[in-house]
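First up is the structure itself, then whatever we jot down about it.
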2 protein chains.
Amino acid sequence: MPVNCSDAHAHRHAQAVQQGQSHALDAQTLARLTAFFKVLGDGTRMRILSFLADTELCVCAIAELLGMELSAVSHQLRVLKQADLVRSRREGKTVYYTLADDHVRQIIRMGLAHINEKRGENDA
Amino acid sequence: MPVNCSDAHAHRHAQAVQQGQSHALDAQTLARLTAFFKVLGDGTRMRILSFLADTELCVCAIAELLGMELSAVSHQLRVLKQADLVRSRREGKTVYYTLADDHVRQIIRMGLAHINEKRGENDA
DNA sequence: CTCTCACTTGAATGGTGATTCAAGTGTATT
DNA sequence: AATACACTTGAATCACCATTCAAGTGAGAG
């Protein structure tokens, strides 16, 4: 699917294209990064992270907070865990989940900073 | 869809649940935050951002770099623009895109830090 | 004012992924 | 060992969204 862009300024592209490629991240890193953000790009998962911000919670409690079935919650927790965003700890029959580390809180805080900044611009 | 969790330790939940709710973000903020991360959770869009890290590029050049059609690129640039991640500038017939601000670079850097940290742990 | 170029927009399509239902683990309790 | 509980896992369904194709702007050139 080549671009049907005339050669008129093809050389200008060539230059820019080189620039664009030069510092671009390698494919694998980019894929990992994308996958990471994709995990954060889901309402249910973000709500779970938000709940876990202060406290550790068992799956049961999370499901109650979300008003969703245990199964659905478990599936999402699996995704969060694979992305190293949460950790789990077993105590008897119950499994407790926590945020993996402060890194997660930082990233969420940065996201918040971004959207708040933009909201401010729109108001101005 | 209530949780079929016995009342055995319902009171323990109640406590945890309150904790979980107390500092949780309000629904609208959470929705905006989720939407923001969702935009970053796409391979094509991340590649575009990666290309724009150093240089401004016209749609045509981006399409060439991606090996995709102009139309597809334009659609994605629209999404990125609505999320305030990129800005556009018209010069004659050509439209040039740039990263909106350094904020974007910071967020991507934080994402990279996270996945690199985790990669390190797995190696150890 | 017509034509081409660079891009945008709208409608249709196809693939991905979140949720559900049903069945399976693991851990205590009796 | 049998039952109950807290959770996990797999298969199926359904909605959403990225891409494509086709048509529509806007700006300069002839």
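In what follows, every chain begins at residue 1, and chains take the letters A, B, ... in the order their sequences are listed. Worth knowing before you read on, the calculation uses all heavy atoms, side chains too, and leaves out hydrogens, waters and symmetry mates.
The 5' end of DNA chain C is approached more closely, in terms of each residue's nearest nucleotide, by Val79(A) than by the other of Lys93(A) and Val79(A). Toward the 5' end of DNA chain C, the nearer of the two residues Gly92(A) and Asp42(A), judged by each one's closest nucleotide, is Asp42(A).
A heavy-atom distance below 4.5 Å is found between the side chains of Leu30(B) and Arg47(A).
In this structure, Leu70(B) places its CG atom 11 Å from P of dT20(D), rounding to the nearest Å. To the nearest angstrom, C1' of dA18(D) lies 14 Å from NZ of Lys38(B). Taking atom CZ of Arg47(B) as the reference point, atom C1' of dT19(D) lies 14 Å away to the nearest angstrom. Regarding Arg89(B), its CZ atom lies at a distance of 19 Å from the C1' atom of dT8(C), rounded to whole Å. Spacing between atom OH of Tyr97(A) and atom C1' of dT8(D) amounts to 8 Å, rounded to whole angstrom units. In this structure, Arg90(B) places its CZ atom 6 Å from C1' of dA27(D), rounding to the nearest Å. Note: CZ (Arg78(B)) to C1' (dT20(D)) measures 17 Å, nearest angstrom. The distance from atom CG of Leu66(A) to atom P of dT20(C) is 11 Å, rounded to the nearest whole Å.
One finds no side-chain N or O of Ser71(A) lying less than 4.0 angstrom from the OP1 or OP2 phosphate oxygen of dC21(C). For Ser74(B) and dT9(C), the shortest distance from a side-chain N or O to OP1 or OP2 is not below 4.0 Å.
His114(A) and His103(B) have perpendicular rings, their planes meeting at more than 60° on a 0 to 90° scale where under 30° would count as parallel.
Although no hydrogens or angles enter the test, the distance criterion places no donor-acceptor pair under 3.5 Å between the side chain of Arg89(B) and the main chain of Tyr96(B).
Between atom OG1 of residue Thr29(A) and atom CE of residue Met46(B) there is a gap of 10.5 Å, rounded to the nearest 0.5 Å. Rounding to the nearest 0.5 Å places OG of Ser74(A) at 10.0 Å from CD1 of Ile62(A).
Closest to the Ala72(A) side chain, of the nucleotides dT27(C), dA18(C), dT20(C), is dT20(C).
Stacking between His75(B) and dT19(D) is absent: the aromatic ring centre is not both under 5.5 angstrom from the base six-membered ring centre and within 30 degrees in plane angle.
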